[in-house]
Amino acid sequence: MSVVDLAEKSVRELNAALHGLSGETNETLWRVENPQGKHAIAVGVDAPVAIEIAGHVGYYCGGMNQQASIVVHGNAGPGVAENMMSGSVRVTGDASQSAGATGHGGLLLIEGNASARCGISMKGIDIVVAGSIGPMSAFMAQAGNLVVLGDAAEDLGDSIYEARLFVRGTVKSLGADCIEKPLGDEDREALAKVLAKADLLDKVNPGEFRLYGSARTLYHFHVDNAGAY
Amino acid sequence: MSGARTIPRYSATFDPYAISEIQRAAATGIYDIRGGGAKRKLPHFDDLLFLGASISRYPLEGYRERCGTDVVLGARHAKKPIHLKIPVTIAGMSFGALSAQAKEALGRGATLSGTSTTTGDGGMTAEEREHSALLVYQILPSRYGMNPDDLRKADAIEVVIGQGAKPGGGGMLLGQKISPRVAAMRTLPEGIDQRSACRHPDWTGPDDLQIKIEELREITDWQKPIYVKVGASRPYYDTALAVKAGADVVVLDGMQGGTAATQEVFIENVGLPILCAIRPAVQALQDLGLHRKVQLIVSGGIRNGADVAKALALGADVVSIGTAALIALGDNDPRLEKEYTALGSTAGAYDDWHEGRDPAGITTQDTALAARLDPVAAGRRLANFLSVLTLEAQTIARACGKSHVHNLEPEDLVALTVEAAAMARVPLAGTAWIPGTSGL
C-alpha cells in the first residue's frame, strides 16, 4: 500500500503521484492520511486504484474521477465527486452542497446526509444518499439516478430533464416541472441495480421508494407556463 | 388647398420597429429571441482617433521597420503558457450554435494565423481539436460535454462566468438545433429547448472560484493557463476578483459581443460597451501590480485593425472576435440574398441564428445546409481577415512610432466626443481635458 501523509506532503505531490499511474499499475492501494479538510484531494485520477482517505476533506474531493474507488472516512466539503465520469466515491459521513454536481457516470455513495443542490445538473451519475438531502437537489438534473433513503428538502428536481429521483422518506416540495411518477419495471430494475452497486440491496426494500421525474411541460416554451421558468 | 395633408410621421418613441415588436409580442406571448450582438448605436472605438507621429514623436517606416505582434498568455502560473503570433484570437462559440464545418473552419483559420480558437457551451469536438493548433476549452455553468479527457487535451482552460451579450444570463439553444449529435454531447433529449443555468453549479462567489481554479490546476497538473471570462458590467471589481481567484488571463466581453440565441431585450439593454470597460479593468490590473502579467483579452464588436489597435492602446493584451469571424467565414454573404429574403431578412441583418436555417451553413445543425460551408475555403477567408486586422494594427502602431503593438498607449489617442473621452479616459480632441478626472 502507498501511504501519503498530507501533514508532510502537499496535495500537489499526492495528485501528481496519482496522475502518474497507468492503467496497468500494481500500486493499486493508496491511503491518504491527515487530509485536514484540504481541497482538491485525489482529483482527476484516471486509474483503477483504491484510495482510502482517513479524515474529512474540503472542496471537490474526487473531482472528475475516472476508474478509481475513493473512500472518504469522514465528511466531505462542497462538490465532492463533481463531474465524475466513472469509478466510485464513498463518503462515510455527511457531504456539503453540490455533491456529485454534473457527474456523468460512476457511483457516489454518501452514508450520512447531503446538503443543498445534491446532484445538481447530474448527467448520468448514480448518487445514493443514506440520510437526507437539502433543498434544490437535482436542479436541472439531466440523466442518472438519485436514490435517497431519508427525506428531501424543498424544490426537489426543479427544471429536471430525464434523471430519475427515488426517495424513501418525505419530500418537502417539488420544483418546477417535477412530478411523482409511477414506478415501472424499468424504474424498479434501475433502482435495484443502483442499490446493489451501493451494497444496500439486502438492507433496503426497493418497494418503499417513490419515483420523481420530469413532467416535460418545460421542454418547449409555452407562454402559459411562463410562471414556471 | 383643400385636401392637402402632411406626410405620415412616425413617432420617435413608437418607431416602426417598436410597433412591430409590440405586435409580435402580443401575437406570440414570448419575447423575441435572436442571435448576434447589440444592434443599437453604442459608444465605440469609432469615437477615438490616433495621434500619428510627426515632430514630437518619431514614426517607424511602414513595411520596413519591424512592429511585433506576438503575445504570451498565462505565464503567471502555467507550466505551458500560450504563445500567439498575433494579438487577435477567436472567441468561444459552441458546436450546437455553430455547425461542425464552421467550428472546423474557425480552427483552420486560427491555426493558419498562429492564434487560438475556443470551444463553447457544448464541449469539444474531435474536428475542432484536430484543426486547432491552440484550443481553449471553456468551462461553462451547464458543463455540457465536460470531461477530464478533453480538459487535458486543451491548451488553456477558460472558466466562463458571463458573456457580453448577456451578463447574468444563462444559455439558450432552442429545440430545432438539438440534433442527435448535439443532444448526445449535452446529455439531453433530441429536439427540446435547452436551458442552461446562469450560475456555476458547484461554486458561489470569488472565494469558491479560487478553490475551483485550484482544482482545475490540480487536475491538469498546473500545465495550462486558466482564463476567467466575464461580461462587461462591473469591470474593475470583476477583474480584481478574477485575479484574486488566480486567473492567468481575464477575458472581458463588451455588450456588442455576440450570442447564439438570447432575448433581444437582454442583448440591447444589459451590460456595458467595451469602450468604457477596458480602462477600469486595466486600472484593476495596475492597482494589483499585474498589468501585462495577467493578460487582458477584450472583445465585443471588433471589426478592423483600428479597433484592435485602440483596444491594445487602452491596455488590452489581446482582442477576440466572434461575430466578425463568422462574417469572415461567409455569414450574411450578399450572394445568399434571395435565401435571406425568403427567411424574412436580408444579407447583413440576418440574426435568427437560433432557428437553425442559416443558408450560409454556419449557425445551423441542418446537415444539408451545413454541408454548404467548405471548411478549408472558409478557414482561408478567416486567416485572410486575421492578417488584415494584424496588418492594419501594425500600420497604425508604426505611425505612432511603436515597435510592438503592445507599446501603443492611451497617450496615442484622443476622443471625438465628450462621452468617449470620459469612457476611454483619453483627452477630448484638441484639448487636454479628460472628463471625470481631476479637471485638467
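Every chain is numbered from 1 and lettered A, B, ... according to where its sequence line falls, protein lines coming before strand lines. These figures come from a predicted structure and were not determined experimentally.
Between chain B and the residues A:V45, A:N83, A:V11, A:D46, the most heavy-atom pairs under 4.5 angstrom are made by A:N83. When each of A:R216, A:Q97, A:R117 is checked for heavy-atom pairs under 4.5 Å with chain B, A:R117 comes out on top. Interface summary for chain A: among B:M146, B:R186, B:E214, B:R217, the most heavy-atom pairs under 4.5 angstrom belong to B:M146. With respect to chain A, the highest number of heavy-atom pairs below 4.5 Å among B:P189, B:S142, B:P148 belongs to B:P148.
Side-chain atoms of B:T187 never come within 3.5 Å of backbone atoms of A:Q142 as a donor-acceptor pair (strictly under, hydrogens ignored). Looking only at distances, a side-chain donor or acceptor of B:R195 sits under 3.5 Å from a matching main-chain atom of A:L218.
Atom NZ of B:K244 has more than 12 neighbouring heavy atoms from other residues, nucleotides or ligands inside a 6.0 Å radius. By the neighbour-count criterion of 12 heavy atoms within 6.0 Å, atom CD of A:E189 is sparsely surrounded, having that number or fewer from other residues, nucleotides or ligands. The local environment of NZ in A:K197 is crowded, with over 12 non-hydrogen atoms from other residues, nucleotides or ligands closer than 6.0 Å. More than 12 non-hydrogen atoms from other residues, nucleotides or ligands lie less than 6.0 angstrom from NZ of A:K181. In the displayed structure, B:K79 atom NZ is contacted under 6.0 Å by more than 12 heavy atoms of other residues, nucleotides or ligands.
For the pair B:P201 and A:S98, the tightest heavy-atom approach, listed with the atom from each and the gap, is O-OG, 2.9 Å. The heavy-atom pair separating B:I219 from A:G63 by the smallest distance is CD1-O, 4.3 Å. The minimum heavy-atom distance between A:G44 and B:R152, with the atom names listed, is O-NH1, 3.4 Å.
Within the model, atoms CG of B:L188 and CD of A:E162 stand 9.5 Å from one another, a figure rounded to the nearest 0.5 Å. The distance from atom CD of B:Q194 to atom OH of A:Y161, rounded to the nearest 0.5 Å, is 6.0 Å. In this structure, CG on A:N15 lies 9.5 Å from CD on B:E215, to the nearest 0.5 angstrom. Atom OG of A:S96 is separated from atom CG of B:D202 by 11.5 Å, given to the nearest 0.5 angstrom.
Both the backbone and the side chain of A:Y60 come within less than 4.5 Å of a heavy atom of chain B. Of the atoms belonging to A:H39, heavy atoms from both backbone and side chain fall under 4.5 Å from chain B. With a 4.5 Å cut-off on non-hydrogen atoms, A:M64 touches chain B through its backbone and its side chain both. Only the side chain of B:T204 comes within less than 4.5 Å of a heavy atom in chain A; its backbone stays farther off.
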* To do: For side-chain contact (heavy atoms from CB on, under 4.5 Å), just list the numbers for A:H19 and B:E218, CA-CA rounded to whole Å, side-chain angles, deciding distance to a tenth of an Å, and then say yes or no.
  => CA-CA 10 Å; A:H19 295 174; B:E218 281 297 318; 5.5 Å; no

* A:Y219 and B:D193: CA distance, side-chain angles, deciding distance, side chain to side chain donor-acceptor pair (under 3.5 Å) verdict -> CA-CA 6 Å; A:Y219 276 13; B:D193 295 349; over 6 Å; no

* **Verdict with reasoning, A:Q66 to B:N147, per side chain to side chain donor-acceptor pair (under 3.5 Å)** => CA-CA 10 Å; A:Q66 291 167 291; B:N147 71 71; 5.9 Å; no

* Asked: Does the salt bridge (charged side-chain N to carboxylate O under 4.0 Å, His left out) test come out yes or no for A:R12 and B:D221, once each step is laid out?
  -> CA-CA 8 Å; A:R12 178 79 288 266; B:D221 292 314; 2.6 Å; yes

